[in-house]
Number of protein chains: 2
Amino acid sequence: MSYSRDALISLLQRHDIGPTHQRLEIAQVLFSRGEHLAAEQILALVNEHRAETSKATVYNTLNLFRDRGLIREVIVDPKRVFYDPNTQPHHHLYNVDSGEITDIPADDLVVSGLPELPPDMVTTGVDIIVRMRARQP
Amino acid sequence: MSYSRDALISLLQRHDIGPTHQRLEIAQVLFSRGEHLAAEQILALVNEHRAETSKATVYNTLNLFRDRGLIREVIVDPKRVFYDPNTQPHHHLYNVDSGEITDIPADDLVVSGLPELPPDMVTTGVDIIVRMRARQP
DNA sequence: TGGCGAATTAGACAAAGTCCAGGTATTAAC
DNA sequence: GTTAATACCTGGACTTTGTCTAATTCGCCA
Ligand SMILES: [Mn+2]
Ligand SMILES: [Mn+2]
Ligand SMILES: [Zn+2]
Ligand SMILES: [Zn+2]
């Protein structure tokens with residue numbers, strides 16, 4: 001999917017995020033690609049043609065987007081956080097050889113038998129990660 | 001559970017790991033506590049009374065134990081890897097406020113509807129992480 | 001045009017983890 | 001006992017990911 005500049009502006013505004021140039025560039029990379037990207041990849045993609053932003057702004061912006069519920073983090077690789085433009089409930093298939101992450105829709109997936117939480121606790125998410133690698137040839 | 005020195009030695013030997021002093025100390029911390037610990041916590045616990053080992057050896061040893069299937073990694077916190085002495089299939093409840101990790105037995109838990117993998121791929125594990133936090137008071 | 005709060009930035013800093021080269025332990029042979 | 005081979009350990013330099021700070025710049029509006 002390709003997002004127009006106006007669509008991105010109203011997306012940010014709906015999340016109470018001022019639509020600055022840098023934030024729009026970062027949002028464009030995340031939402032037009034629809035992939036799971038790490039901060040350094042996002043920095044490289046945004047700056048691919050001309051220098052548009054800095055490392056500090058990329059990290060600040062990703063944390064802001066995450067706090068405002070525009071994106072979410074995917075914790076599968078101890079070396080870096082991946083950012084996911086899809087905040088709908090879904091799960092992940094992780095190729096440990098290539099580092100590639102693909103989505104598993106939550107629809108056709110049922111988990112039963114999860115324990116009850118302590119009464120003063122609330123779930124912030126259930127993440128299922130299926131790790132796979134190439135079969136030994 | 002408390003492990004005798006002899007029990008630890010044969011545990012390491014069954015995994016083709018030479019039972020050196022440092023490795024036994026590290027194994028003792030992991031297996032006698034049965035908790036999910038990060039490398040720096042393990043280093044501090046092993047050296048609690050007298051200096052027994054170094055940072056490099058703790059990291060080397062944890063990687064060796066993991067490669068030999070004696071322990072496994074738990075990836076829930078982007079800041080550090082936790083090491084789990086329980087390699088049986090099971091899942092994790094993660095308190096995002098305190099950082100505490102507790103086990104969810106795999107027995108009473110059923111997941112259905114997982115997608116098929118590409119034919120040349122094999123699963124190396126299915127990890128379910130339930131993240132929870134204190135309800136807003 | 002000037003002023004003000006919000007945003008951006010370079011670069012210093014921090015923390016987790018890896019790497020390397022030299023030192024130490026263990027064992028085996030002599 | 002000494003020597004030698006090998007495995008193991010270690011201090012400290014290094015790398016990577018991410019955060020912080022102080023200074024600058026931007027965007028807006030009076
Ligand atoms: Mn561009
Ligand atoms: Mn890290
Ligand atoms: Zn996803
Ligand atoms: Zn566990």
Side-chain angles (χ1 to χ4, degrees), chain A residues 5 8-9 12-13 15-30 36-47 50-68 70-84 96 99 101, chain B residues 5 8-9 12-13 15-30 36-47 50-68 70-84 96 99 101:
Chain A
R5 215 65 175 173
L8 288 171
I9 289 171
L12 298 209
Q13 282 171 342
H15 290 263
D16 280 307
I17 298 168
T20 66
H21 176 73
Q22 289 84 350
R23 289 169 181 171
L24 289 167
E25 291 288 330
I26 292 166
Q28 183 159 89
V29 163
L30 279 164
H36 305 83
L37 298 171
E40 298 289 340
Q41 294 177 287
I42 293 166
L43 177 62
L45 288 166
V46 168
N47 287 341
R50 60 168 67 86
E52 314 247 24
T53 191
S54 67
K55 186 175 80 154
T57 297
V58 168
Y59 279 101
N60 289 343
T61 299
L62 291 170
N63 288 339
L64 177 68
F65 285 4
R66 186 242 295 123
D67 292 346
R68 296 290 161 84
L70 188 58
I71 63 178
R72 66 140 140 173
E73 296 180 343
V74 180
I75 313 296
V76 287
D77 178 342
K79 294 220 176 329
R80 57 234 216 274
V81 174
F82 288 90
Y83 291 89
D84 192 339
V96 299
I101 299 171
Chain B
R5 216 64 175 173
L8 288 171
I9 289 172
L12 298 210
Q13 282 172 342
H15 289 262
D16 279 307
I17 298 168
T20 65
H21 176 73
Q22 289 83 352
R23 289 168 181 172
L24 288 168
E25 292 289 330
I26 292 166
Q28 183 160 88
V29 163
L30 279 164
H36 305 81
L37 298 171
E40 298 288 341
Q41 294 177 287
I42 293 166
L43 177 61
L45 288 167
V46 168
N47 288 341
R50 59 167 66 87
E52 314 249 23
T53 192
S54 66
K55 185 175 83 153
T57 296
V58 168
Y59 280 101
N60 288 343
T61 298
L62 292 170
N63 288 340
L64 177 68
F65 285 4
R66 185 243 294 124
D67 291 347
R68 296 291 161 83
L70 188 58
I71 63 178
R72 66 141 139 172
E73 295 180 342
V74 180
I75 313 296
V76 288
D77 178 342
K79 293 217 177 333
R80 57 234 215 277
V81 174
F82 288 89
Y83 291 90
D84 191 339
V96 299
I101 300 171

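The analysis underlying the following values was restricted to heavy atoms, covering all of them including side chains, and did not include hydrogens, waters or symmetry mates. Since we're looking at a predicted model, the values are computed, not measured. Letters go in sequence order (proteins before strands), and every chain restarts at 1.
Note on A/Thr20: only backbone sugar-phosphate atoms sit closer than 4.0 angstrom, heavy atoms only; bases stay farther off.
The side chain of B/Tyr59 contributes an N or O atom lying less than 4.0 Å from OP1 or OP2 of C/dG17. Here B/Thr53 reaches the OP1 or OP2 of D/dT10: one of its side-chain N or O atoms lies under 4.0 Å away. For C/dG17, the OP1/OP2 oxygens have no side-chain nitrogen or oxygen of B/Arg80 closer than 4.0 Å.
Nearest to the side-chain atoms of B/Ala56 among the listed nucleotides D/dC8, D/dG12, D/dT17 stands D/dG12. In this structure, the nucleotide among C/dG17, D/dG18, D/dC9 sitting nearest to the side chain of B/Val81 is C/dG17. Listed nucleotides: D/dG11, C/dA10, D/dT19. Nearest to the side chain of A/Ser54: C/dA10. Listed nucleotides C/dA16, D/dC9, D/dT19 differ in distance to B/Gln22; the shortest reach to its side chain belongs to D/dC9.
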Hey, mind stepping through B/Val76 and B/His36 against side chain to side chain contact (heavy atoms under 4.5 Å, CB included) and telling me if it holds? CA-CA 11 Å; B/Val76 288; B/His36 305 81; over 6 Å; no

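C/dA16 atom C1' lies 14 Å from atom CG of B/Asn60, rounded to whole Å. Rounded to an integer number of Å, the gap from B/Leu37 CG to C/dA16 P is 14 Å. Atom CZ of B/Arg23 and atom P of C/dA25 are 16 Å apart (whole Å). Atom P of nucleotide D/dT17 and atom NZ of A/Lys55 are separated by 10 Å, given to the nearest angstrom. When the C1' atom of C/dT8 is taken as reference, atom CG of A/Asn47 falls 13 Å away, rounded to whole Å. In this entry the distance linking CG of A/Leu43 with C1' of D/dT17 reads 12 Å, nearest Å. The distance between atom CZ of B/Phe82 and atom P of C/dA16, rounded to the nearest whole Å, is 10 Å. Taking atom CG of B/Leu12 as the reference point, atom C1' of D/dA7 lies 15 Å away to the nearest angstrom.
Residue side chain A/Lys79 does not reach the base of C/dG17 through any donor-acceptor N/O pair under 3.5 Å, judged by distance alone.
Atoms NZ and CD1, from A/Lys79 and B/Ile75 in turn, are 9.5 Å apart once rounded to the nearest 0.5 Å. Within the model, atoms CZ of A/Arg23 and CZ of A/Phe65 stand 7.0 Å from one another, a figure rounded to the nearest 0.5 Å. Expressed to the nearest 0.5 Å, how far CD1 of B/Ile26 lies from CD1 of B/Ile71 amounts to 9.0 Å. A distance of 8.5 Å separates CD in A/Glu25 from OG1 in A/Thr53, rounded to the nearest 0.5 Å.
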